[in-house]
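Working notes, structure below.
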Amino acid sequence: MNEAYIHFIGVHPPYRNQQIGTLLYKRFFTVAKQHNRQIVCCVTSPVNKTSIAYHKKMGFDIEEGNKQIDGVDVTTNYDGKGQDRVCFVKQLR
């Protein structure tokens, strides 16, 4: 197993745009590498365009899904019936 999974990282709205999320992710990447993980996976909601853009900016790639919403690959029912998600993967270097 060489994968690490981020369940949730969120920053309270008044504290956004202060690099807090980026610092949390970078620390997670460091710990993942220390545990010999080379892949990081996470998900977000297809309606959360800000999150999708942020993850792409952080170097995550969108995994191929089984449908598209607004041109974005989505995995249907990922978190249960009707709970579609955009799945991301990032290769650590």
Side-chain angles (χ1 to χ4, degrees):
M1 172 184 278
N2 69 347
E3 224 173 67
Y5 177 79
I6 297 173
H7 177 71
F8 180 81
I9 289 182
V11 177
H12 191 49
Y15 297 96
R16 292 183 182 156
N17 299 313
Q18 296 179 36
Q19 302 299 310
I20 295 168
T22 300
L23 290 171
L24 290 169
Y25 266 107
K26 287 183 177 181
R27 177 68 180 135
F28 185 87
F29 298 155
T30 298
V31 172
K33 287 183 204 177
Q34 290 170 346
H35 288 86
N36 299 314
R37 303 300 188 256
Q38 291 121 9
I39 299 168
V40 174
C41 299
C42 63
V43 300
T44 196
S45 170
V47 299
N48 194 338
K49 305 299 182 201
T50 302
S51 178
I52 293 168
Y54 178 79
H55 283 89
K56 289 168 72 174
K57 182 179 174 185
M58 287 294 300
F60 284 90
D61 294 315
I62 297 175
E63 291 188 308
E64 184 178 343
N66 55 3
K67 80 173 185 181
Q68 286 198 346
I69 297 177
D70 296 330
V72 176
D73 275 293
V74 171
T75 300
T76 56
N77 302 319
Y78 181 92
D79 275 337
K81 188 173 182 175
Q83 300 297 312
D84 303 343
R85 295 293 178 258
V86 178
C87 297
F88 294 96
V89 64
K90 177 179 175 68
Q91 299 290 325
L92 298 178
R93 298 177 189 0

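For clarity, every value in this text was computed on a predicted model and none was experimentally measured.
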Answer yes if the side chains of [X] and [Y] hold a donor-acceptor pair under 3.5 Å, and no otherwise.
{"X": "Tyr54", "Y": "Thr22", "answer": "yes"}
{"X": "Gln83", "Y": "Arg85", "answer": "yes"}
{"X": "Thr76", "Y": "Asn66", "answer": "yes"}

Calculate, to the nearest 0.5 Å, the distance between atoms [atom1] and [atom2] belonging to [X] and [Y] respectively.
{"X": "Met58", "Y": "Phe88", "atom1": "CE", "atom2": "CZ", "answer": "12.0 Å"}
{"X": "Lys26", "Y": "Gln19", "atom1": "NZ", "atom2": "CD", "answer": "7.5 Å"}
{"X": "Ile62", "Y": "Ile52", "atom1": "CD1", "atom2": "CD1", "answer": "6.0 Å"}
{"X": "Asp61", "Y": "Cys41", "atom1": "CG", "atom2": "SG", "answer": "11.0 Å"}
{"X": "Phe28", "Y": "Leu23", "atom1": "CZ", "atom2": "CG", "answer": "15.5 Å"}

Hydrophobic cluster membership, Val40 vs Tyr5, 4.5 Å side-chain cutoff
no
Is there a path of hydrophobic side-chain contacts, each under 4.5 Å between heavy atoms, that joins Val89 and Val74?
no
Inspect the contact between Lys49 and Asp70 and indicate whether a charged nitrogen and a carboxylate oxygen are less than 4.0 angstrom apart.
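Answer for the salt bridge query: yes.
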Identify whether the distance between the nearest side-chain nitrogen and carboxylate oxygen of Asp84 and Lys67 falls below 4.0 Å.
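Salt bridge: yes.
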Return each pair, listed once, that meets side chain to side chain donor-acceptor pair (under 3.5 Å) where at least one residue sits in residues 28-40; pairs must be two or more places apart or across chains.
Asn2-Gln38
Write down the atom of Asp73, the atom of Glu63, and the distance for their closest heavy-atom approach.
CB-O, 3.5 Å
If you compare all heavy atoms of Cys87 against all heavy atoms of Thr75, which two are closest, and at what distance to 0.1 Å?
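Closest pair (atom of Cys87, atom of Thr75, distance): SG-OG1, 3.6 Å.
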Applying ring pair (Phe, Tyr, Trp, His ring centres under 6.0 Å), which residue pairs with at least one partner in residues 6-26 are found, sequence neighbours left out?
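Qualifying pairs, neighbours excluded: Tyr25-Phe29, Tyr25-His55, Tyr25-Phe60.
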Partner of Ser51 under side-chain contact (heavy atoms from CB on, under 4.5 Å), picked from Val86, Val43, Ile9, Thr44, is Thr44
If you apply the rule side-chain contact (heavy atoms from CB on, under 4.5 Å), what do you find for Gln91 with Ile39, and how did you get there?
CA-CA 5 Å; Gln91 299 290 325; Ile39 299 168; 3.7 Å; yes
